[in-house]
Amino acid sequence: MAFAYFPHTEDDIREMLRKIGVESLDGLYSDVPQEFIYKDEFSLPEAMSEMEIRRRFSEMAGRNRSLTVFCGCGAYDHYAPAVIPYLISRSEFQTAYTPYQAEVSQGTLRYIFEYQSMITMLTGMECTNASMYDGATAAAEAMMMSLACTKKKTRVLLSRTLLPQVREVVLTYARYHGIGIGYVEAEEGSTSLESLKAELASGDVAAVLVPSVNRFGIIEDLTGFADAVHSVKGLLAVYADPSALAVVKTPGEWGADIACGDCQSLGLPLSFGGPYAGYLACRMEHVRKLPGRIVGQTVDADGKRCYVLTLQAREQHIRREKATSNICSNQSLMALYVTIYLSLMGRDGLREVNGLSYGGAHYLHDRLLETGLFEEVFTRPFLKEFVLRPKVAPEILQQTLCDGGFFAALATEEGYVSFCVTEKRTKEEIDALVDCVLKLK
């Protein structure tokens, strides 16, 4: 055989073809129109040695241009200790699969349990699942979960200040599940309580999804939101940046029933958009509607501590029509990344990250206003991200910054531009960005 490592012999192949009534492997494609079958030789390069391959990929990588990141909008350039990639690259972690068998999956179950414990501490919720694809899909699952908890209600309200990608994913889920979507308007950059009350008065609201820190970077004041939503027997879901929860009020403190968001801000690399890990947490009374898996701690026959899959509300384990969701991955490796990050940073480390980010963001904000090329939009409190109204076209501003080596000034749907500063950005980098902007004067 040409490839000895293929498991099927020529006799095996002939027997399988005979069994299905096909004379050759080409016959398997007999129903494909001939014009769609590629008949020429593939344009593949000659084989290379390992050294040549490494050189080739280094040359290709060298064509990329590395920009200094001053953008956020849901994906943040936070620092991660070097030990994390080293630890998660160990084969027992990197190749681990779903922990169906507790007796051979104690390591995986343990770190998922620790991940869950840390997320509940950050959010002020009582239980959480074993992580999800990303923040946007976690928000969509929060919507589905809310409908399952409230029953017979068919509408969900979204704040206009939610990240646009979160709104779009929720809308996609809603469209194919027959769920009505309404909106809570913004007032001076924050979700309006009066608009919320007006929407609730129209009835049939299962849940309201609002951000903790919104797409303008503003820290939302959610006073009265939980009472208003609960008065119509609905649920309040808060979309929160878990890193920011070290210094701002938690969803639990706001009286929320569900918390969701993206764990990317907990050290996960930007990586061109993923892989990330979403989180979804709730109060204990709603735990049976929480999608995915929940790992619990117990003791074995010898009285030693061990871990098990306590609750699995998905179609593989219960009747399909009773499943809360058909989501099939728990992003376990990314959950491990987050767990190691949180254990290394601790409470003080997370507060320091936010303190440095806050100081840098406010310094950049003030310096940009001093250039005379921007106008203030909102005067509400912000943490590490803010928007300004540019006096030049956003695309010209973006190109100027890009030419200067900066990825910054993302345009919002209103025509504002957004900037973000994390603890990785130095004063020298901020000053260099401002000098780059001054070229437009």
Side-chain angles (χ1 to χ4, degrees), residues 123-129 132 134-186 190-212 214-215 220 222-240 249-262 278-292 313 323-325 327:
T123 60
M125 294 285 105
E126 294 171 316
C127 52
T128 185
N129 65 7
M132 313 189 87
D134 57 21
T137 50
E141 292 289 345
M143 172 189 67
M144 303 294 293
M145 177 183 170
S146 299
L147 289 158
C149 291
T150 54
K151 297 179 181 179
K152 297 183 180 179
K153 292 177 182 266
T154 59
R155 292 182 67 221
V156 172
L157 303 180
L158 305 180
S159 169
R160 292 284 189 188
T161 66
L162 282 165
L163 290 164
Q165 63 268 31
V166 173
R167 294 200 314 260
E168 288 299 315
V169 171
V170 172
L171 282 172
T172 299
Y173 272 62
R175 183 181 306 123
Y176 296 103
H177 285 85
I179 300 168
I181 295 292
Y183 292 95
V184 183
E185 300 301 328
S190 295
T191 310
S192 167
L193 179 58
E194 293 308 311
S195 175
L196 170 63
K197 289 178 178 178
E199 285 291 330
L200 291 174
S202 62
D204 201 29
V205 174
V208 179
L209 179 61
V210 296
S212 169
N214 68 33
R215 64 187 178 92
E220 294 260 7
L222 300 178
T223 303
F225 279 62
D227 289 340
V229 176
H230 294 158
S231 70
V232 297
K233 300 190 184 320
L235 302 182
L236 177 64
V238 174
Y239 189 93
K249 267 190 174 183
T250 67
E253 290 173 309
W254 286 123
D257 305 283
I258 301 172
C260 57
D262 203 313
Y279 74 86
L280 183 57
C282 67
R283 298 197 180 279
M284 189 60 72
E285 63 193 275
H286 306 303
V287 67
R288 289 198 170 274
K289 300 301 182 183
L290 191 65
T324 56
S325 172
I327 195 163

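Note that the structure is a prediction, hence the values are computed from the model and not measured.
- Closest heavy-atom contact between T161 and A186: CG2-CB, 3.7 Å.
- Not counting sequence neighbours, H177 has no partner by the side chain to side chain donor-acceptor pair (under 3.5 Å) test.
- Remark: E199 CD to L158 CG distance equals 10.5 Å, nearest 0.5 Å.
- Residues Y239 and D262 are in side-chain contact: their nearest non-hydrogen atoms beyond the backbone lie under 4.5 Å apart.
- The heavy-atom pair separating P211 from E220 by the smallest distance is O-CG, 3.4 Å.
- For the atom pair CG of L157 and CG of L200, the computed distance is 6.0 Å after rounding to the nearest 0.5 Å.
- Nearest heavy atom pair, residue R215 against residue P164, reads CD-CD, 4.1 Å.
- Annotation: side chain of M143 is in contact with side chain of I181 (closest heavy-atom distance under 4.5 Å).
- Between the NZ atom in K289 and the CD1 atom in I258 there is a gap of 12.0 Å [rounded to 0.5 Å].
- Separating the NE2 atom in H286 from the CD atom in E126 is a distance of 9.5 Å, to the nearest 0.5 Å.
- Every salt bridge (charged side-chain N to carboxylate O under 4.0 Å, His left out) that R160 has, sequence neighbours left out, goes to E185.
- With contacts defined as side-chain heavy-atom distances shorter than 4.5 Å, the pair V210/L222 qualifies.
- The two residues A139 and L209 make their nearest non-hydrogen contact at CB-CD2, 3.9 Å.
- Closest heavy-atom contact between A256 and M125: O-CE, 3.3 Å.
- Checking side-chain atoms of S202 against main-chain N and O of A198 turns up no donor-acceptor pair under 3.5 Å.
- Between K233 and T150, every side-chain heavy-atom pair lies at or beyond the 4.5 Å cut-off.
- Side chain of N129 to main chain of P291: a donor-acceptor pair is present (N/O by atom type, distance under 3.5 Å, no hydrogens or angles).
- How far CG of L196 is from OG of S159: 9.5 Å, rounded to the nearest 0.5 Å.
- Panel note: side chain R167, backbone L162; a donor-acceptor pair is recorded below 3.5 Å.
- Counting heavy atoms from C-beta on, the side chains of S212 and T250 never come closer than 4.5 Å.
- Closest approach of S146 and L235 over heavy atoms only: CA-CD1, 4.0 Å.
- Between T223 and W254, some side-chain heavy-atom pair lies under the 4.5 Å cut-off.
- Applying the salt bridge (charged side-chain N to carboxylate O under 4.0 Å, His left out) criterion to E253, with sequence neighbours excluded, gives no partner residue.
- One distance of note links NZ of K153 with CD1 of I179; it measures 14.5 Å at 0.5 Å rounding.
- Side-chain contact between C260 and E141: absent, with no pair of heavy atoms (C-beta onward) separated by less than 4.5 Å.
- Side-chain contact between V238 and F225: absent, with no pair of heavy atoms (C-beta onward) separated by less than 4.5 Å.
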